[in-house]
Amino acid sequence: LLFSAAQMGINIPEGTDEDVIEFVKALRYELIPYLYNQAYLMSKSGIPMVRTMFYNFPNDARALTINDQYMVGDDIMVAPILTPSTSERIVYFPKGKWIDLETKEVYKGERSYIVKMPLGKSGIYVKDNTILPCFKDLLYIEKKEIDTVVFKLVGKKGKTFLYEDDGVSLDYKKAKYNLYDIKYQNGVFTLKAKHKGYISPFKTIEIVNGDKVIRKEFKDELTIKVGE
């Protein structure tokens, strides 16, 4: 058991606008597959899910000085608003390209930008060439009722994995979990089961590539032509 869905409450300051609360909740539920992957990695390697910037970018002198941004795994950077009555902030982007999760605006790396941060904006950026595993349209977590997994393609290539178990018991210690290898290159998305020990509730897979959405039946091995 990496973490129980029942224990994953959200702490939101009193007086927060209801629309902002719903946005934050929806975003959290959407990213649970990515976060669950990171928890799995942490359980195996001891590498923390949430990291300082210089942990991921040890050769970047600027990253060494930043204490108000952080990484979640290798592919997500978070730059939140930390002071009240503030609607913009300076965000530093390390080497590479980074894409705003909400607006899809692209930022070049190794430079800083003044970024508008209205109330409700997450300040989440995804590294280019990332496959982001997600859920969709969830109001609560009941694993057996989640039948669709979504993979958002950010860039023209990428690789990741997907870990799943029942989210409640300790059966994963008895090898009752699934692990899938996932790749995207040359316009082709592939998924292949690396370990199977759990009956997955997934029936549908969605691949999101910009405005294009491809839906297929979920199987243990898939090759899907997506295009670039």
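Put simply, I76 and Y70 are part of the same group of oily side chains (I, L, V, M, F, W, Y) that touch within less than 4.5 Å, one to the next. Tracing side-chain contacts under 4.5 Å through hydrophobic residues (I, L, V, M, F, W, Y), one reaches Y184 starting from I207; they form part of the same cluster. V150 is not connected to L162 by any chain of hydrophobic side-chain contacts under 4.5 Å among Ile, Leu, Val, Met, Phe, Trp and Tyr, and they are in different clusters. Under the 4.5 Å side-chain heavy-atom criterion for ILVMFWY residues, no single connected hydrophobic cluster contains both V154 and M77. Hydrophobic clustering (side-chain heavy atoms under 4.5 Å, transitive across Ile, Leu, Val, Met, Phe, Trp, Tyr) groups Y177 together with L41.
Side chain of T65 to main chain of A63: no donor-acceptor pair is present (N/O by atom type, distance under 3.5 Å, no hydrogens or angles). In this structure, S45 contributes its side chain and I47 its backbone to a donor-acceptor pair below 3.5 Å. Judged by distance alone, with hydrogens and angles left aside, the side-chain atoms of E102 form a donor-acceptor pair with the main-chain N or O of S122 at under 3.5 Å. Judged by distance alone, with hydrogens and angles left aside, the side-chain atoms of H195 form no donor-acceptor pair with the main-chain N or O of Y163 at under 3.5 Å.
Heavy-atom neighbours of K104 NZ from other residues, nucleotides or ligands within 6.0 Å: above the threshold of 12. The environment of NZ in K183 is sparse: at most 12 heavy-atom neighbours from other residues, nucleotides or ligands sit within 6.0 Å. Within a 6.0 Å radius of NZ in K196, other residues, nucleotides and ligands contribute more than 12 heavy atoms. Within a 6.0 Å radius of CD1 in I199, other residues, nucleotides and ligands contribute 12 heavy atoms or fewer.
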Query - side-chain contact (heavy atoms from CB on, under 4.5 Å) between I214 and E206, intermediate numbers included - result: CA-CA 6 Å; I214 297 174; E206 286 192 5; over 6 Å; no
Query raised in the report: Checking side chain to side chain donor-acceptor pair (under 3.5 Å) for the pair Y40/Q38: CA distance, chi angles, key distance, verdict?
Result: CA-CA 5 Å; Y40 169 76; Q38 301 311 310; over 6 Å; no
Query - Full working for salt bridge (charged side-chain N to carboxylate O under 4.0 Å, His left out) between E110 and K95 - result: CA-CA 5 Å; E110 297 184 290; K95 185 177 181 179; 5.9 Å; no
Query raised in the report: Between V126 and L132, does a side-chain contact (heavy atoms from CB on, under 4.5 Å) hold up when you go through it step by step?
Result: CA-CA 9 Å; V126 182; L132 196 62; 4.2 Å; yes
Query raised in the report: Hey, mind stepping through D181 and K159 against salt bridge (charged side-chain N to carboxylate O under 4.0 Å, His left out) and telling me if it holds?
Result: CA-CA 8 Å; D181 282 331; K159 62 180 180 178; over 6 Å; no
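Taking the six-membered ring for Trp and the full ring otherwise, the centers of Y180 and F161 sit at least 6.0 Å from each other. The six-membered or imidazole ring of F93 lies away from that of F57, with a centre-to-centre distance of 6.0 Å or more.
Summarising the geometry, atom CG belonging to D171 is positioned 4.5 Å from atom NZ belonging to K176; distances are rounded to the nearest 0.5 Å. Distance check: T190 OG1 to I182 CD1 gives 8.5 Å after rounding to the nearest 0.5 Å. One distance of note links OG1 of T130 with CG of L153; it measures 10.5 Å at 0.5 Å rounding. Remark: E105 CD to W98 CH2 distance equals 15.5 Å, nearest 0.5 Å. Note that OH of Y125 and OH of Y113 are 11.0 Å apart. Values are rounded to the nearest 0.5 Å. Distance check: L27 CG to K121 NZ gives 11.0 Å after rounding to the nearest 0.5 Å.
The pair R89-D68 counts as a salt bridge, with a side-chain nitrogen and a carboxylate oxygen less than 4.0 angstrom apart. Using a 4.0 Å cut-off between a side-chain N of Lys or Arg and a carboxylate O of Asp or Glu, K152 and E30 qualify as a salt bridge. Between D75 and K127 there is a salt bridge, since a side-chain N of the basic residue sits under 4.0 Å from a carboxylate O of the acidic one.
Proximity of L222 to I205: side-chain heavy atoms (C-beta onward) are separated by under 4.5 Å at one or more points. Looking only at side-chain heavy atoms (C-beta outward), S87 and K116 stay at 4.5 Å or farther from each other. Counting heavy atoms from C-beta outward, L31 and I124 have side chains that approach closer than 4.5 Å.
Checked by atom type, the side-chain pair D60/Y92 shows a donor-acceptor distance below 3.5 Å. Judged purely by distance below 3.5 Å, without hydrogens or angles, the side chains of T148 and R215 never pair a donor atom with an acceptor atom. Neither side chain, N178 nor D165, offers a donor N or O lying under 3.5 Å from an acceptor on the other. Side-chain contact check for E217 and T204: no donor-acceptor pair (N or O, by modelled atom type) lies under 3.5 Å.
Heavy-atom minimum distance, F202 versus E164: CE1-OE1, 3.2 Å. Of all non-hydrogen atoms in D220 and L191, the two that sit nearest each other are O-CD2, 3.7 Å. Closest heavy-atom contact between G123 and M117: CA-CE, 3.7 Å. Nearest heavy atoms, D128 versus G155: OD1-CA, 3.2 Å. Between P33 and C134, the closest heavy-atom pair is CG-C, 3.4 Å. Heavy atoms only, all atoms of each residue included: Y34 and V72 are closest at OH-O, 2.6 Å.
The aromatic rings of F151 and F189 are tilted relative to each other, their planes meeting at an angle between 30° and 60°.
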